[in-house]
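All remarks here apply to the structure that follows.
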Amino acid sequence: MADDLKAFFAESAIKAEEVEYVASKRFVDAKRQPIAWKIAPITQEKQEELLKESKKKEYVPGTRDVKVTTDNDLFVRLLVTTCVKFPNLDDAALQDSYGAVGAQDLIEKMLTPGEYLDLANTVQQVCGYEVGMSDKIKRAKN
């Protein structure tokens with residue numbers, strides 16, 4: 001039984017790996033081949049930080065109450081810009097070339113809407129969001 005528990009120890013866990021993904025066929029190398037972007041998953045702790053940054057407060061009209069909600073679009077933008085490791089979206093020269101201020105502005109200027117949506121979906125998959133709870137429960141039962 002104790003040996004089974006060792007599989008859950010940090011040193012036994014398979015490390016989450018960086019993934020290469022061609023976000024756009026418009027960015028090519030000298031041989032005209034698309035350049036792969038590098039995407040790394042985040043930890044649960046980092047996700048909590050991003051969620052906290054994505055919160056917005058709104059006053060409920062006619063009351064003194066404050067409603068706190070998550071801006072899901074902002075969360076996804078933060079998730080994408082945090083997980084993309086290459087190209088370096090914080091690079092000042094890259095931002096300057098697009099007239100962008102910050103990584104979020106840059107990524108939206110670099111990619112077409114379809115490319116951005118595909119990248120956002122890929123980032124979410126890399127972070128483990130692709131499997132729904134019903135699928136996990138079915139796998140656990142089998």
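Side chains included, hydrogens not; waters and symmetry mates left out as well; all remaining heavy atoms used. Residue numbers run from 1 in the order of the sequence given. On a predicted model such as this, the values are computed, not experimentally measured, just so you know.
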Can you tell me if [X] has over 12 outside heavy atoms packed within less than 6.0 Å of its [atom1]?
X    : atom1 : answer
K67  : NZ    : no
K109 : NZ    : yes
E45  : CD    : no

Heavy-atom closest pair, residues [X] and [Y]:
X    : Y    : answer
V76  : A120 : CG1-CB, 3.8 Å
C127 : C83  : SG-SG, 3.6 Å
K15  : E11  : NZ-CA, 4.4 Å
D118 : Y21  : CB-OH, 3.2 Å

Distance, nearest 0.5 Å, that separates [atom1] of [X] from [atom2] of [Y]:
X   : Y   : atom1 : atom2 : value
D71 : L51 : CG    : CG    : 11.0 Å
N72 : L79 : CG    : CG    : 11.5 Å
I35 : F86 : CD1   : CZ    : 6.0 Å

Considering only distance and modelled atom types, tabulate donor-acceptor pairs under 3.5 Å from the side chains of residues 95-105, sequence neighbours left out.
unit_1: Q95; atom_1: OE1; unit_2: G102; atom_2: N; d: 3.0
unit_1: Q95; atom_1: NE2; unit_2: L89; atom_2: O; d: 2.9
unit_1: S97; atom_1: OG; unit_2: L94; atom_2: O; d: 2.7
unit_1: Q104; atom_1: OE1; unit_2: R77; atom_2: NE; d: 3.4
unit_1: D105; atom_1: OD2; unit_2: V101; atom_2: N; d: 2.9

*Does any pair with a residue in residues 55-65 pass side-chain hydrogen bond (donor to acceptor under 3.5 Å, both in side chains), and if so which ones, sequence neighbours excluded?*
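Applying side-chain hydrogen bond (donor to acceptor under 3.5 Å, both in side chains) to every pair that reaches into residues 55-65, excluding sequence neighbours, yields K55-T70.
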
*L111 and L119, any side-chain heavy atoms less than 4.5 Å apart*: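 Side-chain contact under 4.5 Å: yes.
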
*With side chains defined as the heavy atoms from C-beta onward, is the minimum distance between T112 and Y116 less than 4.5 Å?*
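Of all side-chain heavy-atom pairs linking Y116 with T112, none is under 4.5 Å.
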
_Audit row: L78, S54, side-chain contact (heavy atoms from CB on, under 4.5 Å) steps and yes/no_ = CA-CA 8 Å; L78 291 170; S54 302; 3.5 Å; yes

Keeping the roles fixed (side chain from [X], backbone from [Y]), state whether a donor-acceptor pair exists under 3.5 Å.
X   : Y   : result
Q33 : D29 : no
S12 : F8  : no
K85 : T82 : yes

*Let me see the working for W37 and V22 under side-chain contact (heavy atoms from CB on, under 4.5 Å), right down to the final yes or no.*
CA-CA 6 Å; W37 293 35; V22 175; over 6 Å; no

*Does a side-chain N-to-carboxylate-O contact under 4.0 Å join E115 and R26?*
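Counted as a salt bridge, because a side-chain N and a carboxylate O are separated by less than 4.0 Å.
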
*Salt bridge or not for K52 and E49, using N-O below 4.0 Å?*
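Salt bridge flag = no for E49 with K52.
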
*Checking side-chain contact (heavy atoms from CB on, under 4.5 Å) for the pair I39/E18: CA distance, chi angles, key distance, verdict?*
CA-CA 5 Å; I39 303 168; E18 196 171 78; 5.9 Å; no

